[in-house]
Asker: 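Let me give you the structure first, and then I'll get to my questions.
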Amino acid sequence: MMNTSDVRLDTDVLVVGGGPAGCWAAWNAAANGASVVLIEKGYVGTSGATAAGNTTTIYTRRGTTERAATVAQRVRLGHGFTEPERVERVLDRTLHNLDLLAEWGYDFPTYEDGRPYRGMLRGPDYLRFMRQKLIKARVKVIDHCPVEELLVSEGMAAGAIARSRRTGEALYISAGAVVIATGGCAFMSGALGTNNLTGDGYLIAAEAGAVLSGMEFSAQYGISPAYSSVTKGVVYFWGTFSDEAGNVLTAPGDRQSVVASELIKGPVYAILDKASPRLQEGFRKGQPNIFVPFDRMGIDPFTQRFPITLRHEGTVRGTGGLKIDNRAGTTVPGLFAAGDAATRQAMFGASTGGGGPNSSWAMATGSWAGEDAVRFVRSLGKNWRSRSVRTAAERPPTRPSGASTDIEAVLDIVKQQMLPLDKGYFRNQKSLSDTEHLLSDLWHDESWRTGRASKVREAEALIATSRWATASALLRKESRGLQRRTDFPDANPVLSRTIDTGGTDLIWTSFHNRAQASAAS
């Protein structure tokens with residue numbers, strides 16, 4: 001029931017999340033004649049992983065050698081899951097959007113000869129620019145207002161309930177279609193720009209019946225200095241790694257796994273001694289935020305060793321998320337997903353997409369989500385605003401008994417299960433089963449659901465995301481890409497199938513035959 005202080009809004013399309021995917025969804029919906037509300041738990045322009053620094057993009061044209069090489073790389077790294085035509089379509093839309101940004105006047109960096117370089121976006125500038133573009137397009141932008149749950153009508157998404165951080169008032173937003181663009185989940189690891197990425201969009205969508213996919217491919221860790229949150233890994237291709245005694249780490253396997261294995265035993269150090277002076281200059285110009293922590297510590301990373309760690313980037317740079325069709329439609333009618341909120345298996349397979357590919361994915365899926373949301377609203381006819389709606393979350397009211405558990409303690413328990421390298425990076429039956437049981441008990445414990453609503457919902461989303469990732473990892477009894485099972489160290493060709501998952505109180509998982517799904521679509 002609404003209180004007199006609560007606010008009601010009506011809009012054709014509601015976009016939840018104000019990063020690149022959400023901004024492109026909102027703009028495309030508005031450009032197609034819809035009324036649009038864009039709502040963000042932080043501030044549109046400064047919130048999220050992209051806003052924290054520069055990001056590369058992929059600017060290539062079909063038929064070129066560069067495009068062919070890019071698609072081939074994604075297929076090679078996809079471990080059997082990448083769909084080449086999907087990659088092509090994503091890159092086509094990225095090219096279109098980058099050209100649009102240029103037409104609108106975005107100040108791209110330039111090559112030495114003065115030509116614009118459209119493969120790089122400065123995160124803060126990019127999102128501030130998009131914010132102003134949305135305001136001019138009459139999109140209603142609402143900041144500092146977390147969405148707590150979705151509204152549904154006869155199995156279709158129908159809006160959301162949000163709550164202002166500043167006033168505490170509830171916002172009831174009735175919408176013909178909803179786009180989830182809330183980003184991924186980094187399990188509160190402290191990686192740069194991920195503090196508010198707790199899986200909120202996954203949870204509210206799952207409560208409405210949405211399916212997730214690829215959640216076992218969430219164990220993405222990024223190298224960073226031990227005293228920094230910056231996980232941009234490109235510079236480490238020119239690095240040498242060593243243990244505390246100075247012994248160079250040279251072992252078969254990928255660089256990350258070698259570092260992870262050694263970090264479990266003790267400190268690991270790096271030095272970027274393989275970068276030429278010209279490359280060093282390029283790194284400092286192109287990715288300046290990488291070097292801020294070094295400069296503060298008085299360290300020259302190209303000549304001095306420095307301690308490193310691995311920070312969990314989860315589904316922010318992993319590939320799991322809400323299951324979508326060949327554009328952006330989820331399994332719930334009227335509900336769309338874009339960017340890191342959507343599964344990226346079709347483009348990245350079982351491996352991370354990194355920065356540039358993820359940025360391109362956000363542009364393309366955000367645009368498709370906005371366009372398709374408008375089409376869905378129009379298919380409802382003129383009377384959709386009069387339909388009966390209800391909340392998607394159906395948990396009974398909390399009635400705690402006994403002493404309550406501090407919510408920060410709950411968050412710490414989840415982090416202790418998901419972040420350590422011997423649980424999150426390297427997995428096995430026992431570690432996964434122990435985590436599954438502990439998280440299930442935590443989810444069903446009502447004693448900690450007594451605090452501020454927004455904090456409770458963040459904790460619920462974090463737990464739910466961890467449960468989906470753990471259950472999916474248990475089902476995939478092999479090692480493939482970001483799924484590293486020490487008890488099943490090899491890839492099993494029979495398991496080249498996606499794993500779907502969902503549910504909240506009762507988590508379910510199942511293999512999905514991609515070939516049959518493609519034929520059916």
Asker: Could I get the full list of ring-ring contact (aromatic ring centres under 6.0 Å, His included) partners for Tyr126, not counting sequence neighbours?
Answerer: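 So Tyr126 forms no ring-ring contact (aromatic ring centres under 6.0 Å, His included) with any residue.
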Asker: Looking only at atom types and distance, does a side-chain atom of Thr343 sit under 3.5 Å from a main-chain N or O of Gly320, one as donor and one as acceptor?
Answerer: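 Flag not set: sc Thr343 to bb Gly320 has no pair under 3.5 Å.
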Asker: Hey, does the side chain of Thr182 reach the backbone of Gly201 with a donor-acceptor pair shorter than 3.5 angstrom?
Answerer: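 Confirmed, Thr182 side chain pairs with Gly201 backbone.
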Asker: Minimum heavy-atom separation for Asp340 and Tyr202, please, with both atom names.
Answerer: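 Closest approach of Asp340 to Tyr202, heavy atoms only: O-OH, 3.1 Å.
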Asker: I want to know whether Tyr269 and Phe241 have ring centres closer than 6.0 Å.
Answerer: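 No: the rings miss the under 6.0 Å criterion.
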Asker: State, with a plain yes or no, whether a side-chain heavy atom of Lys477 is found less than 4.5 Å away from one of Asn492.
Answerer: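 Lys477 does not reach Asn492 side chain to side chain.
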Asker: Below 4.0 angstrom, N of the basic side chain to O of the carboxylate: do Asp92 and Arg67 qualify?
Answerer: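 So Asp92 pairs with Arg67 through a salt bridge.
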Asker: Under 3.5 Å, side chain of Gln483 to main-chain N/O of Ala473, donor-acceptor pair present?
Answerer: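 Checked: pair present.
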Asker: May I have the step-by-step check of salt bridge (charged side-chain N to carboxylate O under 4.0 Å, His left out) for Arg278 and Glu281, ending in yes or no?
Answerer: CA-CA 5 Å; Arg278 183 178 177 85; Glu281 181 183 3; 6.0 Å; no
Asker: Can you check whether Arg118's main-chain N or O pairs, donor with acceptor, with Thr57's side chain at less than 3.5 Å?
Answerer: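 It does hold such a pair.
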Asker: With no hydrogens and no angle check, just 3.5 Å: does a side-chain donor-acceptor pair link Ser367 and Asn28?
Answerer: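 Yes, Asn28 and Ser367 have a side-chain donor paired with an acceptor closer than 3.5 Å.
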Asker: With distance as the sole test, does Arg476 use its side chain to make a donor-acceptor pair with the main-chain N or O of Gly214 at under 3.5 Å?
Answerer: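 No, Arg476 side chain to Gly214 backbone: no donor-acceptor pair under 3.5 Å.
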Asker: Check whether any side-chain heavy atom of Leu121 sits under 4.5 Å from a side-chain heavy atom of Thr50, and report yes or no.
Answerer: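 They are not in side-chain contact.
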Asker: Using every non-hydrogen atom in the two residues, find where Val259 and Val268 come nearest and quote the distance to one decimal.
Answerer: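 Scanning both residues completely, I find the closest heavy atoms to be O-CG2, 4.1 Å.
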Asker: Under the salt bridge (charged side-chain N to carboxylate O under 4.0 Å, His left out) rule, what do Asp487 and Arg485 come out as? Steps first, then yes or no, please.
Answerer: CA-CA 5 Å; Asp487 47 351; Arg485 289 283 297 259; 2.9 Å; yes
Asker: Step through it carefully: locate the ring centre of Trp238, locate the ring centre of Phe302, and say whether they are under 6.0 Å apart.
Answerer: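 Ring centres of Phe302 and Trp238 not closer than 6.0 Å.
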Asker: Show your reasoning for whether side chain to side chain donor-acceptor pair (under 3.5 Å) applies to Ser510 and Asp500.
Answerer: CA-CA 5 Å; Ser510 67; Asp500 293 346; 5.1 Å; no
Asker: Distance check, rounded to the nearest 0.5 Å: Arg457 atom CZ versus Leu462 atom CG?
Answerer: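 Here the interatomic distance stands at 13.0 Å.
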Asker: Consider only side-chain N and O atoms of Thr94 and Asn97, and report whether a donor and an acceptor are under 3.5 Å apart.
Answerer: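 No.
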Asker: Check Pro109 against Met120 and note the closest heavy-atom contact, atom names and distance.
Answerer: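 Taking every non-hydrogen atom into account, CD-O, 3.6 Å.
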Asker: Is any side-chain heavy atom of Arg255 closer than 4.5 Å to a side-chain heavy atom of Tyr236?
Answerer: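 Sidechains of Tyr236 and Arg255: in contact.
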Asker: Would you call Thr501 and Ile507 a side-chain contact if the rule is heavy atoms closer than 4.5 Å?
Answerer: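 Heavy-atom side-chain distance check passes, below 4.5 Å.
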Asker: To the nearest 0.5 Å, what is the distance between CG on Asp300 and CZ on Phe291?
Answerer: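 Separation between the atoms: 9.5 Å.
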Asker: When you check the side-chain N and O atoms of Gln417 and Ser466, is any donor under 3.5 Å from an acceptor?
Answerer: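 Side-chain D/A pair, Gln417 to Ser466: absent.
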Asker: What distance separates Thr240 OG1 from Asp273 CG, expressed to the nearest 0.5 Å?
Answerer: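 Thr240 atom OG1 to Asp273 atom CG measures 3.5 Å (nearest 0.5 Å).
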Asker: For Phe348 and Phe217, I'd like to know if the aromatic rings sit close, meaning centre-to-centre distance below 6.0 Å.
Answerer: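 No - the distance between ring centres of Phe348 and Phe217 does not fall below the 6.0 Å cut-off.
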Asker: For the atom pair OG (Ser433) and CG (Leu474), what is the distance rounded to the nearest 0.5 Å?
Answerer: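 The OG atom of Ser433 sits 4.5 Å away from the CG atom of Leu474.
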Asker: Testing the basics here: between Cys185 and Gly199, what is the closest heavy-atom pair and its distance to 0.1 Å?
Answerer: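 Scanning both residues completely, I find the closest heavy atoms to be CB-N, 3.7 Å.
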Asker: Do Asp200 and Val147 come close enough that some side-chain heavy atom pair is under 4.5 Å?
Answerer: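 Not touching, per the 4.5 Å side-chain cut-off.
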Asker: Might you work through the side chain to side chain donor-acceptor pair (under 3.5 Å) test for Arg296 and Tyr227, ending with a clear yes or no?
Answerer: CA-CA 10 Å; Arg296 287 175 177 168; Tyr227 42 77; over 6 Å; no
Asker: Return the NZ to OG1 distance between Lys423 and Thr470, rounded to the nearest 0.5 Å.
Answerer: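 Lys423 atom NZ to Thr470 atom OG1 measures 10.5 Å (nearest 0.5 Å).
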Asker: For the side chain of Ser472 and the backbone of Ala469, is there at least one donor-acceptor N/O pair under 3.5 Å apart?
Answerer: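 Between the backbone of Ala469 and the side chain of Ser472 there is no qualifying donor-acceptor contact (under 3.5 Å).
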Asker: Please say which of Leu272, Val235, Ile290 ends up in a side-chain contact (heavy atoms from CB on, under 4.5 Å) with Phe283.
Answerer: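 That would be Val235; it is the only one of Leu272, Val235, Ile290 passing the side-chain contact (heavy atoms from CB on, under 4.5 Å) with Phe283.
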Asker: For the atom pair CD1 (Ile58) and CG (Asn358), what is the distance rounded to the nearest 0.5 Å?
Answerer: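 Result: 9.5 Å between the selected atoms.
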Asker: Between Gln220 and Gly318, which heavy-atom pair has the shortest distance, and what is it?
Answerer: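 That closest heavy-atom pairing would be CB-N, 3.9 Å.
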Asker: For the pair Thr435 (side chain) and Leu432 (backbone), establish whether a donor and an acceptor sit closer than 3.5 Å, ignoring hydrogens and angles.
Answerer: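 No: the side chain of Thr435 does not pair with the backbone of Leu432.
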Asker: Under the ring-ring contact (aromatic ring centres under 6.0 Å, His included) rule, collect the residues that match up with Tyr425, sequence neighbours excluded.
Answerer: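 Residues passing ring-ring contact (aromatic ring centres under 6.0 Å, His included) with Tyr425: Tyr221.
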Asker: Go through the structure and list residues passing side-chain contact (heavy atoms from CB on, under 4.5 Å) with Ser351, not counting sequence neighbours.
Answerer: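 Scan of Ser351 (side-chain contact (heavy atoms from CB on, under 4.5 Å), adjacent residues dropped) gives Leu77, His79.
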Asker: Honestly, is Arg480 close enough over Phe488, meaning NZ or CZ under 6.0 Å from the six-membered ring centre and within 45° of the axis?
Answerer: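 Arg480 over Phe488 ring: no.
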Asker: How about Val410 and Ile463: do any of their side-chain heavy atoms sit closer than 4.5 Å?
Answerer: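 Val410 reaches Ile463 side chain to side chain.
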Asker: Quick check against the 3.5 Å criterion: does Lys41 have a side-chain atom that pairs as donor or acceptor with the backbone of Asn196?
Answerer: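 Pair found, side chain donor or acceptor close to backbone of Asn196.
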Asker: Do the two ring centres, one from Trp368 and one from Trp24, sit under 6.0 Å apart?
Answerer: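 Not under 6.0 Å, so no.
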Asker: Out of the candidates Arg344, His512, Lys323, Gln345, only one should pair with Ser213 under the side chain to side chain donor-acceptor pair (under 3.5 Å) rule; please name it.
Answerer: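 Among Arg344, His512, Lys323, Gln345, the one meeting side chain to side chain donor-acceptor pair (under 3.5 Å) with Ser213 is Gln345.
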Asker: Using a distance-only test with no angle check, is there a side-chain donor-acceptor pair under 3.5 angstrom linking Tyr59 and Asp99?
Answerer: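 Result is yes, a qualifying pair exists.
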Asker: Can you list the steps and then say if Ser224 with Arg311 is a side chain to side chain donor-acceptor pair (under 3.5 Å)?
Answerer: CA-CA 7 Å; Ser224 78; Arg311 298 197 185 280; 3.2 Å; yes
Asker: Are the side chain of Thr319 and the backbone N or O of Ala350 linked by a donor-acceptor pair below 3.5 Å?
Answerer: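 No; zero donor-acceptor contacts below 3.5 Å.
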Asker: Which atom names give the shortest non-hydrogen contact between Thr309 and Pro225, and what distance separates them?
Answerer: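 Thr309 and Pro225 have their closest heavy atoms at CG2-O, 4.1 Å.
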Asker: Going through the checks in order, is the side chain to side chain donor-acceptor pair (under 3.5 Å) test met by Glu313 and Thr194?
Answerer: CA-CA 8 Å; Glu313 296 175 310; Thr194 67; over 6 Å; no
Asker: Between the side chains of Ser47 and Glu40, does any donor sit under 3.5 Å from an acceptor?
Answerer: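 Short answer, yes.
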Asker: Does the Arg86 side chain pair with the main chain of Met347, one donor and one acceptor, at a distance under 3.5 Å?
Answerer: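 Absent.
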Asker: Please lay out, stage by stage, how Leu91 and Thr70 fare under the test side-chain contact (heavy atoms from CB on, under 4.5 Å).
Answerer: CA-CA 9 Å; Leu91 299 184; Thr70 300; 3.8 Å; yes
